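Since the structure comes first, as structure tokens, the remarks are kept for the end.
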Amino acid sequence: MTSILMVCLGNICRSPLAHGILESKLHSDQFYVDSAGTANYHVGDSPDHRSIDVAKSNGIDISNQRGRQFKVSDFDTFDYIYTMDDSNYQNVIALARNTDDIGKVRCILELEDSIKIKHVPDPYYGGISGFQDVFQLLEKACNTLSKKLQNSDI
Ligand code: 4NP
């Protein structure tokens with residue numbers, strides 16, 4: 001089993017989308033996907049309704065996900081940890097115990113050469129179009145990531 005963790009700040013907007021999109025592209029008997037936030041603001045909460053709606057309109061149900069905070073033991077549980085932006089990256093790296101932990105962490109958009117921006121913008125304070133933009137960015141990145149994972153090319 002290969003395990004992948006998606007990380008953002010609140011675990012209600014971006015990482016639940018990344019979690020749902022990647023999960024939809026992989027076989028659950030070979031890959032385990034989860035998400036977490038670096039902050040504890042939304043522990044136990046459902047994803048933001050705008051993320052739920054955008055996912056649903058693209059055929060993905062993320063309504064059963066619940067927010068949780070990133071924890072040090074996630075470095076042991078997961079093979080790959082993808083952060084949405086540099087702030088999340090720095091927050092996760094600050095908890096790393098050794099170079100093995102650090103080596104598991106990357107910003108997700110660094111995977112996809114065709115995307116010019118390197119960080120998934122935080123859509124929380126904006127309108128629905130920001131969530132649609134985030135979905136498109138993550139769809140592209142997760143498409144590349146799913147192929148790399150399936151081909152062991154990562
Ligand atoms: P996320 O967005 O990190 O993509 O889940 C946010 C969600 C909540 C907050 C900030 C960003 N907040 O400040 O509560």
Side-chain angles (χ1 to χ4, degrees), residues 3-26 28 31-96 101-146 148-149 154:
S3 52
I4 305 102
L5 183 68
M6 301 296 190
V7 179
C8 63
L9 173 62
N11 192 210
I12 56 165
C13 299
R14 292 166 293 175
S15 61
L17 282 173
H19 172 174
I21 294 168
L22 185 66
E23 198 168 57
S24 76
K25 296 178 185 295
L26 295 171
S28 60
F31 296 97
Y32 172 66
V33 185
D34 194 14
S35 60
T38 57
N40 64 359
Y41 315 142
H42 296 285
V43 172
D45 291 356
S46 297
D48 188 286
H49 66 92
R50 295 163 294 181
S51 283
I52 292 177
D53 289 350
V54 167
K56 192 174 175 190
S57 66
N58 286 278
I60 297 172
D61 182 5
I62 62 167
S63 63
N64 289 332
Q65 294 184 25
R66 293 294 177 268
R68 73 167 180 90
Q69 188 173 22
F70 180 85
K71 50 186 190 288
V72 172
S73 63
D74 286 325
F75 288 115
D76 301 321
T77 307
F78 292 91
D79 301 301
Y80 303 100
I81 298 169
Y82 289 99
T83 65
M84 299 298 117
D85 65 30
D86 192 51
S87 167
N88 318 143
Y89 179 85
Q90 297 300 340
N91 288 334
V92 170
I93 290 294
L95 297 173
D101 289 355
I102 291 170
K104 292 184 174 188
V105 191
R106 287 183 72 184
C107 283
I108 190 166
L109 293 188
E110 285 171 10
L111 278 166
E112 178 50 66
D113 293 339
S114 73
I115 299 176
K116 294 302 165 212
I117 62 166
K118 286 298 150 221
H119 301 293
V120 182
D122 183 347
Y124 185 61
Y125 294 104
I128 191 74
S129 71
F131 284 78
Q132 286 158 345
D133 293 347
V134 165
F135 187 94
Q136 294 309 326
L137 286 170
L138 291 174
E139 164 63 28
K140 211 166 186 178
C142 288
N143 202 34
T144 299
L145 178 55
S146 67
K148 284 178 180 282
L149 287 165
I154 193 152

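Because the structure is predicted, anything quoted here is derived from the model rather than measured. Excluded from the calculations below are hydrogen atoms, water molecules and symmetry mates; all remaining heavy atoms, backbone and side chain alike, are included. Remember, it's 1-based here, ligands and their atoms both numbered in the order they're listed.
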[X] N/O under 3.5 Å from ligand 1 N/O:
| X | answer |
| --- | --- |
| S15 | no |
| P123 | no |
| R14 | yes |

For ligand 1, which atoms, with element, lie under 4.0 Å from some heavy atom of [X]?
| X | value |
| --- | --- |
| G10 | 1 (P), 3 (O), 5 (O) |
| I12 | 5 (O), 7 (C), 8 (C) |
| Y125 | 13 (O) |
| L9 | 3 (O), 10 (C), 11 (C) |
| Y41 | 12 (N), 13 (O), 14 (O) |

- Task: Using the six-membered ring wherever Trp is involved, compare the ring planes of F70 and F75 and label them parallel, tilted or perpendicular (cut-offs 30° and 60°).
- Result: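 Plane angle over 60°, so perpendicular.
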- Query: Does the side chain of L145 come within less than 4.5 Å of I154's, by heavy atoms?
  - Reply: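 Side chain of I154 against side chain of L145, heavy atoms only: contact under 4.5 Å found.
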- Item | Reported CE-to-CG distance for the pair M84 and D122, which is rounded to 0.5 angstrom |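 Between M84 CE and D122 CG, I get 11.5 Å after rounding to 0.5 Å.
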- Message: So, taking the atom named SG in C8 and the one named NE2 in H19, what distance separates them when rounded to the nearest 0.5 Å?
- Response: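 Taking SG in C8 and NE2 in H19, the distance rounds to 12.0 Å.
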- Query: What part of M84 sits under 4.0 Å from ligand 1 if we count only heavy atoms: the side chain, the backbone, both or neither?
  - Reply: neither
- Indicate the atoms forming the closest heavy-atom contact of S35 with N11, along with that distance.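 Heavy atoms of S35 and N11 come nearest at OG-ND2, 3.0 Å.
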- How far apart are the closest heavy atoms of L111 and A141, and which atoms are they?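 Here L111 and A141 meet closest at CD1-O, 4.3 Å.
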- Message: Quick test: of every protein heavy atom, which one is nearest to atom 1 (P) of ligand 1, and how far off is it to 0.1 Å?
- Response: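 Checked against all protein heavy atoms, atom 1 (P) of ligand 1 sits closest to C8 SG, 3.5 Å.
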- Message: I need the nearest protein heavy-atom contact for atom 8 (C) of ligand 1: residue, atom name and distance, please.
- Response: H42 NE2, 3.5 Å
- Task: Quick one: list whatever passes salt bridge (charged side-chain N to carboxylate O under 4.0 Å, His left out) with K25, sequence neighbours left out.
- Result: E139
- Note on the structure: Closest to atom 2 (O) of ligand 1 by heavy-atom distance, out of D48, V134, D122, is D122
- Can you tell me which residue pairs pass the side chain to side chain donor-acceptor pair (under 3.5 Å) test with a partner in residues 70-81, sequence neighbours excluded? S3-D79, R68-D74, D76-R97
